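For reference, the structure is listed below as C-alpha cells.
Small disclaimer: the values here were computed from a predicted structure and weren't measured.
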Amino acid sequence: MRNHVLDAARAAAAYSVVLLHISFPGETGGIINGICRYAVPFFFLVSGYFCFQEPEGKVLKKMPGKVRHILSLAALACPFYILWGYLKCLIEGEDTARWLNELLDGDSIKNLICYNSTSPIRPHLWFLFALFYCYLLFWAAEKLHAHKIAYLLIPVLLGGNFWMSARSLSAGGTYRVMEFRNYLFTGFPFFMLGHLFHGNQKRLAEKLSAAGCLFLAGTGVVMTVGEYLWIGQKELFAGSILVSAGLFLFAVLAKGQKVPPFLSRAGEKYAFSIYLLHPAVGDLLGWIVSAFGMEEAPAYLWIRPGAVCLLSTFLAFTLLSARKTLGKFYGKHLFIFPKI
C-alpha cells in the first residue's frame, strides 16, 4: 500500500525548495527561507529510508539501478542547464566567455568532484551528485556490514557541519559553504538517519504518536525562527533537523491517513521534476516580467514564489504526459528521456 502521506510530505518539501531559491521579499522571506531549510535533509531521509531492505543483502541488488537512475538524471539536467546558462548570459547581457571559463575551470571541476559544487552550472544540482556519493558510501557500508559505524557517524558529521558553518560565518570565513553542504556533512548523515528510522520503525511507532511527531516538527520551526533572528541566514539550522525528522516520522507513522489528493499526486509524480526545473521556470518568468518593466513591483515579488510553484508543477505534468505519450511509440527505447 502506497504511503500517500509521505507523498504529500515530499510535495511540501519540493515546494519548500522552490521557496529557498525564489524567496518572498523582506524579513518575512528570510524567515520562510530559514524554515524551508528542512527540505533537502528531508529528501536525503527519504532516500535512506527506501534503501533499507530485508533480508540483508537484498538492497545491494537494487543499488546499481538507483545509481544508474540518478546518473541518468544528472546526464539530462547538467547539459540542459549548461545550455540554459548560456542562453541566460545572452539574454541578461552577461559575459559568456567569462561564464564558459568558469564552467571549464580546473577549480570548478575539482569542486564538483570533491564537494558536489555545481555552482557554475546551477547550484541546486549539487543534490544529484551528493545523492550519488551517498549511494556509494551506503553500498560500502552494506558490503562491509558497517551500519553501526555509519549510524555513529551521524552526530559526528552533523557536528562537523555546524562547526564549519559557524566558522564560515565568523570574521574571515574559514570554510566555504560547499565544504559542509555536500554529500559527507549534509547528505550522508540524513541518509543514514532515514535508514535508521526504517530499521526501528516498529519501535518508533510504539513510542511516538503522530501528534508527537508534529510537535517535534513545530518545535523545530520555532527553533529555526529563533536561530534566524539571532544568527542570520544559514545553510542548515539545528531546528531544521527537528523539522525534517518530525515531518518525516509523521509521514511514515501516519500512513493511511487522508491527505489532499493534489499534494499526494504531486509528491508521487512531480516532486523531483519540480526540484530540477524550478530555477529555469523562475528565470523564464523573470524575463517575461522584465519585458514589461515590472520586475521590482511589490505585487510581483510576493506572487512570484507561488507562481513558480504552480508553473513548475504544470511543466512537470506536461513532461510526464509527453513521456507517457512517447513511451507508447518507443517503449523501453525511451532511454534519452529518463523517468524523473
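Here Leu277 contributes atom CG and Ser312 contributes atom OG; the two are 7.0 Å apart, rounded to the nearest 0.5 Å. Summarising the geometry, atom CD1 belonging to Ile241 is positioned 5.0 Å from atom CG belonging to Leu158; distances are rounded to the nearest 0.5 Å. One distance of note links CD1 of Ile32 with CZ of Phe24; it measures 5.0 Å at 0.5 Å rounding. Here OG of Ser290 is found 8.5 Å from CD of Glu296. Values are rounded to the nearest 0.5 Å. For the atom pair NZ (Lys269) and OG (Ser264), the distance works out to 10.5 Å, reported to the nearest 0.5 Å. Between Leu87 atom CG and Leu83 atom CG the span is 9.0 Å, to the nearest 0.5 Å.
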Full working for side-chain contact (heavy atoms from CB on, under 4.5 Å) between Ser108 and Glu102
CA-CA 7 Å; Ser108 296; Glu102 182 183 359; 4.2 Å; yes

_Using the rule given for ring pair (Phe, Tyr, Trp, His ring centres under 6.0 Å), can you reason through Phe197 versus Phe52, listing the C-alpha separation, both sets of side-chain angles and the distance that settles it, and then say yes or no?_
CA-CA 9 Å; Phe197 284 160; Phe52 186 92; over 10 Å; no

Task: Evaluation steps, side-chain contact (heavy atoms from CB on, under 4.5 Å), between Ser117 and Trp126 - done: CA-CA 6 Å; Ser117 175; Trp126 77 272; over 6 Å; no

I would like to know whether Glu268 and Arg265 meet salt bridge (Lys or Arg N to Asp or Glu O under 4.0 Å); could you show each step before the answer? CA-CA 5 Å; Glu268 178 185 356; Arg265 180 169 178 79; 5.7 Å; no

| field | Ser47 and Leu131: CA distance, side-chain angles, deciding distance, side-chain contact (heavy atoms from CB on, under 4.5 Å) verdict | value | CA-CA 8 Å; Ser47 298; Leu131 185 56; 3.6 Å; yes

(request) Report the C-alpha separation of Phe127 and Phe44 in whole Å, then their side-chain angles, then the decisive distance to 0.1 Å, and conclude whether the side-chain contact (heavy atoms from CB on, under 4.5 Å) test is met. (result) CA-CA 9 Å; Phe127 175 80; Phe44 281 117; 3.5 Å; yes

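The two atoms that bring Ile109 and Leu104 nearest to each other are CD1-O, 4.0 Å, heavy atoms only. The shortest non-hydrogen separation linking Leu247 to Ala9 is CG-CB, 4.4 Å. Shortest non-hydrogen contact noted between Phe129 and Ala74 is CZ-CB, 4.1 Å. Nearest heavy-atom pair, Ile82 versus Ile121, reported as atom, atom and distance to 0.1 Å: CG1-CG2, 4.0 Å. Contact record, Cys51 with Met63: SG-SD, 4.2 Å, taken as the closest heavy-atom pair. Here the closest non-hydrogen pair linking Leu157 and Leu184 is CD1-O, 3.4 Å.
For the pair Glu27/Leu229, a side-chain contact is recorded, criterion being any heavy-atom separation below 4.5 Å from C-beta on. Taking the side chain as every heavy atom from C-beta outward, Val156 and Leu152 never approach each other to under 4.5 Å. Residues Asn200 and Leu196 are in side-chain contact: their nearest non-hydrogen atoms beyond the backbone lie under 4.5 Å apart. When side chains are defined from C-beta on, Ile35 does not count as touching Val243, because their heavy atoms never get closer than 4.5 Å. Counting heavy atoms from C-beta on, the side chains of Cys78 and Leu125 come closer than 4.5 Å.
Remark: the backbone N or O of Leu236 is not paired with any side-chain donor or acceptor of Ser240 at under 3.5 angstrom. Looking at Ser119, its side chain never comes within 3.5 Å of a backbone N or O of Pro123 through a donor-acceptor pair. Looking at Glu179, its side chain does come within 3.5 Å of a backbone N or O of Arg176 through a donor-acceptor pair. A donor-acceptor contact shorter than 3.5 Å is absent between the side chain of Asn33 and the backbone of Gly29. Between the side chain of Asp105 and the backbone N or O of Asn101 there is no donor-acceptor pair closer than 3.5 Å.
Annotation: Phe188 is not in aromatic contact with Phe138 [ring centroid separation under 6.0 Å not met].
Applying the 6.0 Å contact sphere to CD1 of Ile149 captures no more than 12 heavy atoms from other residues, nucleotides or ligands.
Scanning for side-chain hydrogen bond (donor to acceptor under 3.5 Å, both in side chains) contacts around Gln201 gives Tyr49, with sequence neighbours left out. The side-chain hydrogen bond (donor to acceptor under 3.5 Å, both in side chains) test applied to Thr313 returns Tyr15, not counting sequence neighbours. Every residue two or more places apart in sequence or in another chain was checked for a side-chain hydrogen bond (donor to acceptor under 3.5 Å, both in side chains) with Arg68, and none qualifies. Scored by the side-chain contact (heavy atoms from CB on, under 4.5 Å) test, Tyr133 finds Ile113, Asn116, Tyr183 as partners (sequence neighbours excluded). Under the side-chain contact (heavy atoms from CB on, under 4.5 Å) criterion, Lys234 pairs with Phe162, Ser165, Leu169, Glu227, Ile231, Phe237, sequence neighbours left out. Shown here are the side-chain contact (heavy atoms from CB on, under 4.5 Å) partners of Ala75, two or more places apart in sequence or in another chain: there are none. Under the side-chain hydrogen bond (donor to acceptor under 3.5 Å, both in side chains) criterion, Ser16 pairs with Tyr38, sequence neighbours left out. Annotation: side-chain contact (heavy atoms from CB on, under 4.5 Å) contacts of Asn3 (sequence neighbours excluded): Val5, Leu6, Lys255.
Counting only residues at least two apart or on different chains, the side chain to side chain donor-acceptor pair (under 3.5 Å) pairs with a member in residues 149-164 are Tyr151-His195, Asn161-Thr186. Residue pairs meeting the side chain to side chain donor-acceptor pair (under 3.5 Å) criterion with at least one member in residues 78-99, sequence neighbours excluded: Trp84-Asp283, Lys88-Glu92, Glu92-Trp287.
Side chains of Glu142 and His147: a donor-acceptor N/O pair is present below 3.5 angstrom, by distance only.
Residues Tyr175 and Phe185 share a hydrophobic cluster, clusters being chains of Ile/Leu/Val/Met/Phe/Trp/Tyr side chains in contact below 4.5 Å. No path of Ile, Leu, Val, Met, Phe, Trp and Tyr side chains, each step under 4.5 Å between heavy atoms, connects Tyr228 with Leu20, placing them in separate hydrophobic clusters. Placement of Leu214 and Leu263 in two distinct hydrophobic clusters is found when ILVMFWY residues are connected by side-chain heavy-atom separations under 4.5 Å, directly or transitively. A continuous path of Ile, Leu, Val, Met, Phe, Trp and Tyr side chains, each step under 4.5 Å between heavy atoms, connects Phe317 with Val17, placing both in one hydrophobic cluster. Phe190 and Met178 fall into different hydrophobic clusters, where Ile, Leu, Val, Met, Phe, Trp and Tyr are joined by side-chain heavy atoms under 4.5 Å apart, directly or via other members.
Ion pairing of Glu206 with Arg203 is absent here, as no side-chain N (NZ or NE/NH1/NH2) approaches a carboxylate O to less than 4.0 Å. Comment: Asp7 engages Arg2 in a salt bridge, judged by a side-chain N to carboxylate O separation of less than 4.0 angstrom.
Ring pair His278/His21 is parallel by interplanar angle, where below 30° counts as parallel and above 60° as perpendicular. Aromatic ring pairs are classed by plane angle as parallel below 30°, tilted from 30° to 60° and perpendicular above 60°; the pair Phe43 and Phe272 is perpendicular.
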Review item, side-chain donor-acceptor pairs of residues 298-310, under 3.5 Å, at least two apart:
none

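Clustering of Ile, Leu, Val, Met, Phe, Trp and Tyr by side-chain heavy atoms under 4.5 Å joins Leu216 with Met223, Leu242.
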